[in-house]
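This report refers to the structure that appears directly beneath it.
Atoms within a ligand are numbered from 1 in the order they appear, just like the ligands themselves. Just so you know, residue 1 is the first one in the sequence shown, and it goes up from there. Values below: every heavy atom of this structure, side chains too, minus hydrogens, waters and symmetry copies.
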Amino acid sequence: MYRVIFACVFLFSIGTSMAQIDFKAQRKNMVSVQLQNRDITDEATLEAMLKVPRHQFVPQNLRELAYTDGPLPIGEGQTISQPYIVAYMTQVLELQPDDKVLEIGTGSGYQAAVLAEIVDSVYTMEIVQKLGHSAKKRLKEQQYNNIQVRIGDGYDGWPEKAPFDGIMVTAGAEQVPPKLVEQLRESGRMIIPVGPHRGIRQLVLITKKKGKIKRKNLMAVRFVPFTRKEEE
Ligand code: SAH
């Protein structure tokens with residue numbers, strides 16, 4: 001009997017450690033094939049993508065797909081972006097270690113974790129209560145103590161914590177929310193998908209230099225919509 005229990009415990013521990021090695025290898029592969037083989041060159045971004053356990057941010061039954069080259073559902077009709085898009089949007093912000101960043105659209109908390117690996121502090125807002133609560137819990141469990149999650153509409157940003165060195169919106173907006181641009185620090189950078197509701201949008205980079213706002217379209221993307229009140 002004891003031998004059977006021993007064998008079970010032994011096999012179980014091999015199984016779990018193999019699964020962990022596997023995720024790490026998958027993550028390494030994701031970084032080289034999906035990011036470095038494309039145009040992700042920023043060291044800090046690559047390191048963060050190598051470190052954050054993406055499989056902990058997707059639903060349990062989708063863990064095996066966590067490192068594949070696409071978005072995945074995270075519940076409540078929302079999605080976690082494709083790893084390449086997460087890395088691309090991160091790289092474009094040209095972040096520094098002592099930066100303070102605002103993210104609108106916490107979702108699973110994955111993008112916030114990637115940002116938190118690079119900068120000093122991350123403020124992230126999520127309009128869907130259920131997602132906000134579970135992201136908060138997940139990020140706490142993973143000891144991301146430099147991330148604050150706030151549940152609510154991010155349209156007007158987080159004025160008490162402004163200005164921000166970088167702002168990232170991870171839901172597709174029809175227009176650029178003006179308060180977010182206001183909360184961008186001089187020389188700050190903001191990235192936001194903009195375009196028609198449920199259509200193809202442009203990832204727009206907004207920069208602020210000497211008070212002057214510049215806009216540049218970077219690439220066509222699809223994103224879940226930016227909403228104004230929690231959908232019932
Ligand atoms: N960054 C997330 C994925 C974002 S999906 C991740 O890494 O997992 C887009 C998210 O934006 C969704 O969770 C959606 O509920 C949220 N969202 C949409 N409109 C919003 C708004 N006005 N304020 C805050 N969050 C919003």
Side-chain angles (χ1 to χ4, degrees), residues 27 30 34 45 48-49 51-60 62-63 65-68 70-93 101-119 122-139 141-142 144 147-159 161 164 166-181 183 190-195 197-198 201 203 221-232:
R27 200 148 62 237
M30 169 193 86
Q34 300 171 35
T45 301
M49 297 293 294
K51 196 159 169 208
V52 181
R54 184 171 161 98
H55 62 280
Q56 307 275 16
F57 291 83
V58 301
Q60 187 86 35
L62 295 177
R63 283 196 170 177
L65 300 177
Y67 298 98
T68 51
L72 289 171
I74 53 170
E76 311 302 309
Q78 305 303 324
T79 57
I80 179 173
S81 301
Q82 177 190 10
Y84 172 70
I85 295 294
V86 171
Y88 182 88
M89 291 175 79
T90 307
Q91 170 168 275
V92 139
L93 290 183
V101 175
L102 173 68
E103 180 199 22
I104 307 297
T106 315
S108 68
Y110 175 68
Q111 174 73 73
V114 169
L115 293 167
E117 290 289 344
I118 304 174
V119 301
V122 176
Y123 295 87
T124 179
M125 296 185 70
E126 172 54 56
I127 200 165
V128 177
Q129 284 210 14
K130 209 171 155 194
L131 289 175
H133 284 303
S134 55
K136 216 181 233 183
K137 188 164 162 261
R138 183 176 299 123
L139 291 165
E141 277 164 8
Q142 295 191 39
Y144 280 104
I147 302 177
Q148 279 193 48
V149 182
R150 179 156 144 185
I151 293 162
D153 181 1
Y155 187 80
D156 290 331
W158 195 325
K161 302 291 177 187
F164 299 97
I167 299 180
M168 184 186 291
V169 180
T170 61
E174 283 170 66
Q175 269 112 30
V176 179
K179 290 270 168 63
L180 294 184
V181 182
Q183 289 170 28
M190 170 169 160
I191 183 88
I192 175 171
V194 186
H197 188 63
R198 292 191 191 279
R201 305 177 208 255
L203 264 188
V221 282
R222 267 189 187 281
F223 263 86
V224 293
F226 193 102
T227 53
R228 293 308 314 282
K229 55 179 171 44
E230 180 164 354
E231 282 165 25
E232 301 295 316

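Residue Tyr155 has no nitrogen or oxygen atom sitting less than 3.5 Å from a nitrogen or oxygen atom of ligand 1, judged on distance alone. For a threshold of 3.5 Å applied to N or O pairs, the pair formed by Val128 and ligand 1 contains no separation below that value.
Taking every heavy atom of Ile104 and a limit of under 4.0 angstrom, the matching atoms of ligand 1 come to 23 (N), 24 (C). Set against the non-hydrogen atoms of Gly154, the atoms of ligand 1 under 4.0 Å away are 21 (C), 22 (N), 23 (N), 24 (C). Every atom of ligand 1 with a heavy atom of Val224 under 4.0 Å away is listed here by number and element: 5 (S), 9 (C). In the vicinity of Tyr110, heavy-atom distances shorter than 4.0 Å reach the ligand 1 atoms 7 (O). Near Leu131, meaning under 4.0 Å from any of its heavy atoms, are these atoms of ligand 1: 13 (O).
The closest donor-acceptor contact from the side chain of Gln183 to the backbone of Trp158 lies under 3.5 Å.
With a heavy-atom cut-off of 4.0 Å, Glu76 does not touch ligand 1 at all. For Thr170, heavy-atom contacts with ligand 1 shorter than 4.0 Å involve the backbone as well as the side chain. Counting heavy atoms under 4.0 Å from ligand 1, residue Gln78 touches it through the side chain alone. Under 4.0 Å from ligand 1, the heavy atoms of Pro225 that appear belong solely to its backbone. Here Asp153 has heavy atoms under 4.0 Å from ligand 1 in both its backbone and its side chain.
Note that Arg54 lies in the cation-pi zone of Tyr110, set by a 6.0 Å cut-off to the ring centre and a 45° limit from the axis.
The closest approach between a heavy atom of Glu126 and any atom of ligand 1 is below 4.0 Å. Ligand 1 has no atom lying under 4.0 Å from any heavy atom of Val86. Between Gly152 and ligand 1 there is a heavy-atom distance shorter than 4.0 Å.
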What do the steps show when you test Leu139 against Phe57 for side-chain contact (heavy atoms from CB on, under 4.5 Å), and what is the final call?
CA-CA 9 Å; Leu139 291 165; Phe57 291 83; 3.9 Å; yes
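A donor atom on one side chain and an acceptor atom on the other are not found under 3.5 Å apart for Ser108 and Gln56.
The side-chain heavy atoms of Phe226 and Asp153, taken from C-beta on, include a pair separated by under 4.5 Å.
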